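Note sheet for the following structure.
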Amino acid sequence: MSSPKSRKNKASPPHKPTPGKAVAETAPRGFAVPDMGALAVNLLQAATLGQKAARQLMNADDSAGSADRSLHDLQRVGRTLAAVAGSYLRNPAKIVEAQLSFWQGYMNLAGSMTRRFLLGEDVPPVASPSRSDKRFRDPDWQENIVFDLMKQSYLLAGKWLTERVRAAEGVDPHTREQADFYVRQIANAISPSNFVFTNPEILRTTLASNGENLVAGMERLLEDIERGHGHIDIQQTDMSAFTLGVNVATTPGKVVFQNELMQLIQYEPTTEKVHKRPLVIFPPWINKYYILDLTPEKSFIKHAVDKGYTVFIASWVNPDAKLALKTFEDYMTQGVYAALDAVEQATGETEVNAVGYCIGGTLLACALAHMAARGDARIKSATFLVAQMDFTEAGELKVFIDEEQIADIERQMHQEGGYLKGSTMASTFNMLRSNDLIWNYVVNNYLLGREPMPFDILFWNADATRLPSAMHVGYLRECYLENKLAEGRMVLGGETLDLHKVKVPVYLQSSREDHISPYNSVYKATKLFGGPVRFICAGSGHIAGVINPPALNKYNHWLNDNLPATAAEWIEGATDHKGSWWPDWEQWLSEKSGPMVPARKPGSGKLKVLEDAPGSYVLVKSED
């Protein structure tokens with residue numbers, strides 16, 4: 001779409017956006033008087049496109065199964081919020097207290113705005129967004145009294161609602177967590193930042209471009225619905241900007257082994273000498289392995305290779321109905337055990353160091369306990385990246401996990417062929433940060449009419465994977481719901497898993513702002529392993545906290561050699577260090593990696609090269 005034209009004295013014809021272009025990235029400050037004729041025509045066109053999009057959404061999926069799931073979801077939300085409301089109805093004094101709190105907040109706001117408007121005072125805000133809230137960064141949210149009033153009114157209402165949920169009496173913890181989550185989702189959806197006439201940036205852009213932004217946005221909405229086969233597949237980044245093996249997942253390597261669950265990639269050495277002990281990485285199979293091999297300057301894998309490690313990584317299959325019955329145990333035997341056997345064939349080494357990321361770390365912990373039970377000592381150290389072993393405080397994902405919801409997921413996967421759609425899991429994770437990962441792009445793509453910016457992490461995030469039903473249900477039930485691994489009750493491969501029997505050195509990395517694996521949840525593993533444990537906490541979240549190369553000089557990390565009873569005590573006694581945690585880990589790992597030996601090239605051992613990295617498994621799209 002062309003850039004917005006400056007207003008002229010005579011009317012100009014409405015401008016139809018050109019595919020592939022966007023309105024100007026920023027509209028000039030101030031609210032321009034538009035060309036009313038052009039604005040009217042573009043608004044009509046945008047409305048027509050919006051109606052077409054609405055019809056496509058309404059007609060998209062009228063299957064009985066889909067309708068039943070939607071109804072169950074609405075009923076669950078209704079029951080949850082009714083339970084909170086009921087706690088107040090049973091206690092009239094709490095209703096009065098809540099009403100007083102509500103009106104006190106708005107009386108304070110009215111007084112503040114009166115002093116600002118009539119007396120011209122520079123008054124502090126009654127309600128302010130959090131530092132991480134990007135919705136209200138446009139200057140007019142602060143400088144324009146009308147938009148400031150809308151913003152503060154909204155923030156007061158949202159805060160009041162969440163406080164009422166958290167103060168409700170006689171509500172069980174799981175119901176309270178669900179209600180808190182639902183209320184925040186509703187509040188996020190109705191934010192004034194999400195609407196044309198209540199968001200100053202959208203309003204300025206609409207007036208400056210005579211509504212061209214809305215036409216472009218509705219065209220993008222229709223494209224997203226078409227790509228999503230009748231559902232909104234919102235684009236978080238320019239997907240055409242990245243190609244696997246070209247500008248992401250580019251670290252040179254070879255696939256040297258594969259089975260029906262994974263391909264094993266061995267990377268080309270970049271140093272003449274390497275540590276004797278190979279490094280084997282087990283990434284999550286929710287999304288794909290190349291989160292650890294994004295652009296070269298961000299690549300965890302390239303960093304390890306350049307530090308003199310022989311690096312292997314499992315590239316998991318994107319499963320279909322044929323693999324529906326694969327279990328968590330299968331991922332252990334055909335993943336961890338198969339990789340260890342393959343590494344020995346490729347290098348001749350029987351001892352390795354291992355890394356597990358997120359669910360890949362949970363799998364690694366299970367494998368270590370299984371190996372300990374059988375006297376298998378091939379793994380000599382284990383690094384866990386934002387991985388949970390104790391799920392009692394497993395964060396907001398637990399909102400989606402109880403027997404009723406697991407049964408619903410199981411029925412859904414059965415109806416869809418024996419696997420969880422990649423889009424379903426992606427939607428769940430997006431909801432955990434809906435302001436950043438949903439509404440931010442609704443505003444940018446559909447209301448401002450802009451193309452999303454190229455961003456490698458969001459490209460990876462959109463490259464979702466399916467999950468086998470047997471594995472997924474077993475993992476949710478045994479880990480999240482029943483916490484069997486932490487309690488020593490999980491059985492895999494005929495062995496009862498006891499993490500206390502795992503004596504190898506352990507490096508536990510967590511991230512301070514992680515919403516998927518909260519650092520306090522990761523910390524609980526310090527009390528589960530039987531050997532020496534080093535725990536560190538990185539700045540940022542589940543992805544950026546891990547993918548933080550030293551050269552970028554971003555974020556920080558906390559170190560504390562002591563392991564007190566709780567994560568809160570640990571962080572209180574920790575020292576804050578600027579920059580990446582990778583050097584601390586590399587120093588820890590190098591001491592456990594043996595002497596330097598001549599570098600090993602893929603294919604030089606008993607395993608022959610099957611294909612170049614990144615391999616073929618990672619190229620399979622979910623295409624739900």
Side-chain angles (χ1 to χ4, degrees), residues 279 282 353-373 377 379-395 398 479-480 483-490 497-542 545-546 548 555-593:
L279 180 65
F282 300 99
N353 294 315
V355 177
Y357 189 170
C358 191
I359 190 175
T362 307
L363 176 71
L364 176 59
C366 291
L368 284 167
H370 190 268
M371 295 169 75
I379 296 178
K380 294 302 182 181
S381 79
T383 297
F384 297 95
L385 308 179
V386 291
Q388 299 176 97
M389 273 58 82
D390 186 319
F391 290 78
T392 52
E393 297 180 36
K398 293 197 76 172
C479 291
Y480 275 91
N483 202 29
K484 284 187 174 181
L485 177 60
E487 296 176 6
R489 298 185 294 114
M490 181 180 281
L497 306 185
D498 182 357
L499 291 176
H500 292 95
K501 293 181 180 179
V502 176
K503 307 296 185 181
V504 301
V506 164
Y507 190 100
L508 283 172
Q509 180 269 338
S510 65
S511 295
R512 187 75 181 269
E513 300 168 29
D514 196 333
H515 58 286
I516 296 172
S517 303
Y519 83 95
N520 56 301
S521 180
V522 175
Y523 185 79
K524 289 178 179 294
T526 62
K527 309 304 176 187
L528 296 178
F529 292 106
V533 175
R534 181 166 180 78
F535 178 85
I536 72 103
C537 185
S540 197
H542 195 72
V546 175
N548 185 26
Y555 310 126
N556 58 340
H557 61 283
W558 289 266
L559 301 177
N560 184 352
D561 291 336
N562 298 317
L563 296 174
T566 66
E569 293 174 88
W570 184 92
I571 204 76
E572 185 178 354
T575 54
D576 187 348
H577 298 260
K578 300 301 179 184
S580 174
W581 58 272
W582 290 10
D584 181 80
W585 171 72
E586 202 278 321
Q587 180 180 350
W588 177 90
L589 182 67
S590 65
E591 297 169 355
K592 298 162 181 62
S593 299

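Values in this document were obtained by computation on a predicted structure and should not be read as measured data.
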* Asked: Stepwise, does the side chain to side chain contact (heavy atoms under 4.5 Å, CB included) test hold for H542 with S517?
  -> CA-CA 7 Å; H542 195 72; S517 303; 3.4 Å; yes
Apply side chain to side chain contact (heavy atoms under 4.5 Å, CB included) to I571 and R512, showing your working. CA-CA 10 Å; I571 204 76; R512 187 75 181 269; 3.7 Å; yes
Begin from the C-alpha positions of T383 and N353 and carry the test side chain to side chain donor-acceptor pair (under 3.5 Å) through to its verdict. CA-CA 8 Å; T383 297; N353 294 315; over 6 Å; no
_Derivation of the side chain to side chain contact (heavy atoms under 4.5 Å, CB included) call for I516 and V386_ = CA-CA 9 Å; I516 296 172; V386 291; over 6 Å; no
Quiz prompt | Chi angles and distances behind the side chain to side chain contact (heavy atoms under 4.5 Å, CB included) call for K527, L563 | solution = CA-CA 9 Å; K527 309 304 176 187; L563 296 174; 3.9 Å; yes
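Residues meeting the ring pair (Phe, Tyr, Trp, His ring centres under 6.0 Å) test with W582, sequence neighbours left out: F300, H303. Scanning for salt bridge (charged side-chain N to carboxylate O under 4.0 Å, His left out) contacts around R534 gives D561, D584, with sequence neighbours left out.
Side chain of S510 to backbone of P518: no donor-acceptor contact under 3.5 angstrom is found. No donor-acceptor pair under 3.5 Å is formed between the side chain of D498 and the backbone N or O of G488.
Counting only heavy atoms from C-beta outward, the side chains of S540 and S511 never approach each other to under 4.5 Å. Between L508 and M389 there is a side-chain heavy-atom pair separated by less than 4.5 Å. In this structure the side chain of V355 never reaches within 4.5 angstrom of the side chain of Y507, judged on heavy atoms. Side-chain contact between Q509 and V522: absent, with no pair of heavy atoms (C-beta onward) separated by less than 4.5 Å. A 4.5 Å side-chain heavy-atom check between L497 and L485 finds at least one atom pair inside the cut-off. Contact of the V504 side chain with the K592 side chain is not registered, since no non-hydrogen atoms from C-beta on lie closer than 4.5 Å.
With F535 as the fixed residue, the ring-ring contact (aromatic ring centres under 6.0 Å, His included) test singles out one of W570, W581, W585: W570.
Here the CG-OG distance, from D514 to S521, works out to 9.0 Å after rounding to the nearest 0.5 Å. In this structure, CG on L528 lies 14.5 Å from NZ on K501, to the nearest 0.5 angstrom. Taking CG of D576 as the start and CG of N556 as the end, the distance is 4.5 Å to the nearest 0.5 Å.
The heavy-atom pair separating A354 from F282 by the smallest distance is CB-CE1, 4.4 Å. Closest non-hydrogen pair, L589 versus S381, comes out as CD1-OG, 4.0 Å. For the pair A565 and Y523, the tightest heavy-atom approach, listed with the atom from each and the gap, is O-CE2, 4.0 Å. The two atoms that bring A394 and Y480 nearest to each other are CB-CE2, 3.6 Å, heavy atoms only. Nearest heavy atoms, H557 versus S580: CE1-O, 3.0 Å.
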Atom pairs and distances, side-chain donor-acceptor, residues 361-370, under 3.5 Å, sequence neighbours left out:
unit_1, atom_1, unit_2, atom_2, d
T362, OG1, Q388, O, 2.8
H370, ND1, Y337, OH, 2.8
H370, NE2, L492, O, 3.4
H370, NE2, G493, O, 3.3

